[in-house]
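Naming convention: chains lettered A, B, ... in sequence-line order (proteins, then strands); numbering from 1 in each chain.
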Protein chains: 2
Amino acid sequence: MAKRVVTIEPTDRCCPSVLASPLDASQAAELASGFTALADPVRLRVLSILAAAPEGEVCVCDFVEPLGKSQPTVSHHLKILSEAGLVGGDRRGKWVWYSLNRERLADLQAALQPVE
Amino acid sequence: MAKRVVTIEPTDRCCPSVLASPLDASQAAELASGFTALADPVRLRVLSILAAAPEGEVCVCDFVEPLGKSQPTVSHHLKILSEAGLVGGDRRGKWVWYSLNRERLADLQAALQPVE
DNA sequence: ACCTCCTATTGACAGTGGTCAATGCATCGA
DNA sequence: TCGATGCATTGACCACTGTCAATAGGAGGT
């Protein structure tokens with residue numbers, strides 16, 4: 001009979017908290033890079049549009065007109081969000097479909113969670 | 001007899017949510033200004049130090065050494081946090097004591113709250 | 001192969017932001 | 001009143017960032 005392998009579920013996948021204890025420089029830099037991605041109105045609108053999309057996916061071309069920004073600018077912001085892990089892109093034919101990474105967003109949300 | 005005036009209590013003091021519905025430009029700008037205040041490692045460390053302070057207050061002079069930044073730089077970041085409503089300062093004698101505005105921080109946290 | 005369409009990258013520009021030295025402004029004690 | 005102390009402001013510098021026009025890359029269609 002094979003040995004039973006037990007994998008410990010990492011319940012604390014979560015990032016450091018701002019409110020729990022003083023952050024060191026590297027923890028703070030890590031978190032700040034996440035909030036930097038959120039610190040732009042265009043990118044927040046991108047996230048909100050993705051969150052509200054019925055299929056959970058939005059084509060790049062469908063961002064341009066609602067955001068009122070040029071196509072290169074939209075592509076620029078999507079790249080920043082992608083590098084921050086907040087969205088992911090999937091090329092299908094000529095189009096690239098972006099979707100929200102809710103886990104990554106929840107990590108940043110948890111970093112602001114009040115401690116009991 | 002005077003007319004009865006009914007004031008509706010605003011139960012939703014809270015800011016717009018990123019995940020509920022697409023944000024318009026002004027809502028996004030409002031939220032982005034909040035996250036901009038969080039988008040710096042020095043400021044995140046300021047907030048975490050304030051959150052961990054036993055008395056809930058920290059003197060400006062007590063930030064300088066832990067942060068490893070000059071006094072004008074610390075003052076600069078405190079001003080940004082103050083203008084964002086995240087901290088408040090109270091002058092007592094020669095010293096200015098800063099404290100955390102947890103409600104304002106909770107507002108930003110709520111903006112990232114997953115919708116059911 | 002060629003053309004068309006969608007997306008990404010480059011380059012340039014103006015605006016913003018973090019940093020510190022120097023200085024100004026209070027407050028307190030002598 | 002004077003000097004010392006704590007904090008804020010100014011000015012300057014450099015790095016970063018948002019924006020768009022122009023261009024490149026890639027995938028289909030004819």
Indicate for each nucleotide in nucleotides 23-30 of chain D, in 5' to 3' sequence, whether protein heavy atoms under 4.0 Å reach the base (B), only the sugar-phosphate (S), or nothing (-). ----SS--
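Residue-level contact check: L78(B) touches neither bases nor backbone, having no heavy atom under 4.0 Å from any strand. Among the atoms of the strands shown, base atoms are found under 4.0 Å from some heavy atom of H76(A).
Contact check, S75(A) against dA8(C): a side-chain N or O comes under 4.0 Å of OP1 or OP2. Residue Y98(A) has a polar side-chain atom (N or O) positioned under 4.0 Å from OP1 or OP2 of dA8(C). Put simply, K79(A) has no side-chain N or O that comes within less than 4.0 Å of OP1 or OP2 on dA8(C). In this structure, T73(B) reaches the dC20(C) phosphate: one of its side-chain N or O atoms is under 4.0 Å from OP1 or OP2.
Remark: P of dG18(C) and CD of E83(B) are 12 Å apart, rounded to the nearest angstrom. As rounded to whole Å, 14 Å separates atom P of dA8(C) from atom CH2 of W95(A).
Listed by chain and number, the hydrophobic cluster partners of W95(A) are W97(A), where partners are ILVMFWY side chains within reach of under 4.5 Å, directly or through others.
Near DNA chain C, defined here as any heavy-atom distance below 4.0 Å, the residues from residues 50-63 of chain A are C59(A), V60(A), C61(A), listed numerically. A heavy atom closer than 4.0 Å to some atom of DNA chain D occurs in no member of residues 30-38 of chain B.
Once rounded to the nearest 0.5 Å, the distance linking CG of L112(B) with CG of L47(A) reads 9.0 Å.
Counting only residues at least two apart or on different chains, the salt bridge (charged side-chain N to carboxylate O under 4.0 Å, His left out) pairs with a member in residues 83-98 of chain B are E57(B)-R92(B), D90(B)-R92(B).
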Please list, one pair per line, the donor and acceptor atoms closer than 3.5 Å that link side chains of residues 19-26 of chain B to other protein atoms, with sequence neighbours excluded.
unit_1	atom_1	unit_2	atom_2	d
D24(B)	OD1	S26(B)	N	3.0
D24(B)	OD1	S26(B)	OG	3.0
D24(B)	OD1	Q27(B)	N	2.8

